[in-house]
Amino acid sequence: MILTGPEITARVRTGDIRIDPFDADRAQPNSYDFHLDDSIGTYTSHVLDCARDNPFEQQPIPAAGLELQPGRIYLAATRERIGSDLFVPIIRARSSIARLGLFVHVTADLIDLGSFGQLTLQLHAVQPVRIYPNMLIGQVTFWETTGEPRLYDGKYQGSRGPQPSRSHLDFEAR
C-alpha cells in the first residue's frame, strides 16, 4: 500500500520516515515533493566501464541555471536526506518536470529499506532543458512492505551529494 501525504507527515513526526529538512507543505495527496541540491556531476570518459572506477567531476549548478544536453547522464542529489526502516521510498519526477522531457531517475527509482541519505538522481534530458539549484524536481512515495525486513547496509549508505557508480566494487567482491 502507498502512504497518503497526511500519513507521510504523521510518520515523519513519529520517526518512521526520515526526511531532513522536512516541510509539511511539500506533502502531496500520496507523495512528498523534493528539491534538487546545488551541485551536479558528470563522467569525463566517453565510454563507461562497469568494472572500473570511472572518472567523475562535480560542479555547482549556477544560480542562472544549467542547460542539460541529450545524450548524457548527469548525476545530482536531492537537497533532502530521505529514508525509512519501515517503508520503501520510490522516486519519480514531478509531472511538471516530466512534461519538459527530463527524466530524474532513468531506471533506479526504488530506494532500499533502511537506506538513508541524499538520493542520487540520474538526470537525462530528451531535449535541452535548463535546471536550477534547489528547484522542486521530484517526488517520493512510501510503500508498506510484507515479510521479514532486511535493512540496506550497502556502498551508498549515508550518501551526501551525487554519487557516481560504484559497480566496480561488485567486481572486486568476487
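Reckoned from all heavy atoms, side chains included, excluding hydrogens, waters and symmetry mates. In this text, all values refer to a predicted model and were calculated from it rather than measured experimentally. For this chain, numbers begin at 1 and follow the sequence in order.
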Candidate pair Val12 and Phe142, rule side-chain contact (heavy atoms from CB on, under 4.5 Å), full reasoning: CA-CA 11 Å; Val12 167; Phe142 292 90; over 6 Å; no
Supply the atom-to-atom distance [X] [atom1] to [Y] [atom2], rounded to the nearest 0.5 angstrom.
{"X": "Ile2", "Y": "Thr141", "atom1": "CD1", "atom2": "OG1", "result": "4.5 Å"}
{"X": "Thr145", "Y": "Phe87", "atom1": "OG1", "atom2": "CZ", "result": "8.0 Å"}
{"X": "Phe56", "Y": "Gln163", "atom1": "CZ", "atom2": "CD", "result": "8.0 Å"}
{"X": "Ile97", "Y": "Ile131", "atom1": "CD1", "atom2": "CD1", "result": "9.5 Å"}
{"X": "Leu48", "Y": "Ile73", "atom1": "CG", "atom2": "CD1", "result": "9.5 Å"}
{"X": "Ile40", "Y": "Glu57", "atom1": "CD1", "atom2": "CD", "result": "13.0 Å"}

Under 3.5 Å side-chain donor-acceptor pair for Gln58 and Ser39: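 The criterion, which ignores hydrogens and geometry beyond distance, is satisfied for Ser39 and Gln58.
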Distance-only donor-acceptor check, side chains Glu67 and Gln69, under 3.5 Å: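 Per modelled atom types, Glu67 and Gln69 side chains form a pair under 3.5 Å.
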Examine distances only and state if a side-chain atom of [X] and a backbone atom of [Y] form a donor-acceptor pair shorter than 3.5 Å.
{"X": "Ser167", "Y": "Cys50", "value": "yes"}
{"X": "Thr9", "Y": "Gly5", "value": "yes"}
{"X": "Tyr152", "Y": "Tyr156", "value": "yes"}
{"X": "Asn54", "Y": "Arg52", "value": "yes"}
{"X": "Ser31", "Y": "Gln28", "value": "no"}

Nearest heavy atoms of [X] and [Y], plus distance in Å:
{"X": "Arg160", "Y": "Gln118", "result": "CA-OE1, 3.1 Å"}
{"X": "Arg72", "Y": "His124", "result": "O-ND1, 3.4 Å"}
{"X": "Gln127", "Y": "Pro70", "result": "CA-CG, 3.6 Å"}
{"X": "Asp109", "Y": "His105", "result": "CB-ND1, 3.5 Å"}
{"X": "Pro133", "Y": "Ala63", "result": "CG-CA, 4.1 Å"}
{"X": "Arg13", "Y": "Ala24", "result": "NH2-CB, 4.1 Å"}

Check against side-chain contact (heavy atoms from CB on, under 4.5 Å), Met1 and Trp143: CA-CA 6 Å; Met1 291 189 303; Trp143 296 79; 6.0 Å; no
Pair Ser84-Phe116, side-chain contact (heavy atoms from CB on, under 4.5 Å): steps then yes or no: CA-CA 7 Å; Ser84 175; Phe116 181 71; over 6 Å; no
Neighbour count above 12 (heavy atom, 6.0 Å) for Phe103 CZ: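 Open: at most 12 neighbouring heavy atoms sit under 6.0 Å from CZ of Phe103.
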Atom CZ of Arg166: over 12 foreign heavy atoms under 6.0 Å: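 Yes.
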Test side-chain contact (heavy atoms from CB on, under 4.5 Å) applied to Leu119 and Ile91, step by step: CA-CA 9 Å; Leu119 306 178; Ile91 58 173; 3.6 Å; yes
Does [X] belong to the same Ile/Leu/Val/Met/Phe/Trp/Tyr cluster as [Y], with side-chain heavy atoms less than 4.5 Å apart forming each link?
{"X": "Leu75", "Y": "Ile137", "value": "no"}
{"X": "Tyr74", "Y": "Tyr43", "value": "no"}
{"X": "Val126", "Y": "Leu121", "value": "no"}
{"X": "Leu68", "Y": "Leu100", "value": "yes"}
{"X": "Ile111", "Y": "Leu113", "value": "no"}

For a 4.5 angstrom cut-off between non-hydrogen side-chain atoms, does [X] reach [Y]?
{"X": "Tyr132", "Y": "Ile61", "result": "no"}
{"X": "Glu80", "Y": "His35", "result": "yes"}
{"X": "Asp112", "Y": "Leu110", "result": "yes"}
{"X": "Pro60", "Y": "Asp38", "result": "no"}

side-chain contact (heavy atoms from CB on, under 4.5 Å), paired with Asp16, selected from Ile8, Leu86, Leu3, Asp85: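 Testing Asp16 for a side-chain contact (heavy atoms from CB on, under 4.5 Å) against Ile8, Leu86, Leu3, Asp85 leaves exactly one candidate, Leu86.
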Salt bridge Asp170-Lys155, side-chain N to carboxylate O under 4.0 Å: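 Salt bridge flag = yes for Lys155 with Asp170.
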Phe22-Tyr32 aromatic ring centre distance below 6.0 Å: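 When the ring centroids of Phe22 and Tyr32 are compared, they turn out to be within the sub-6.0 Å range.
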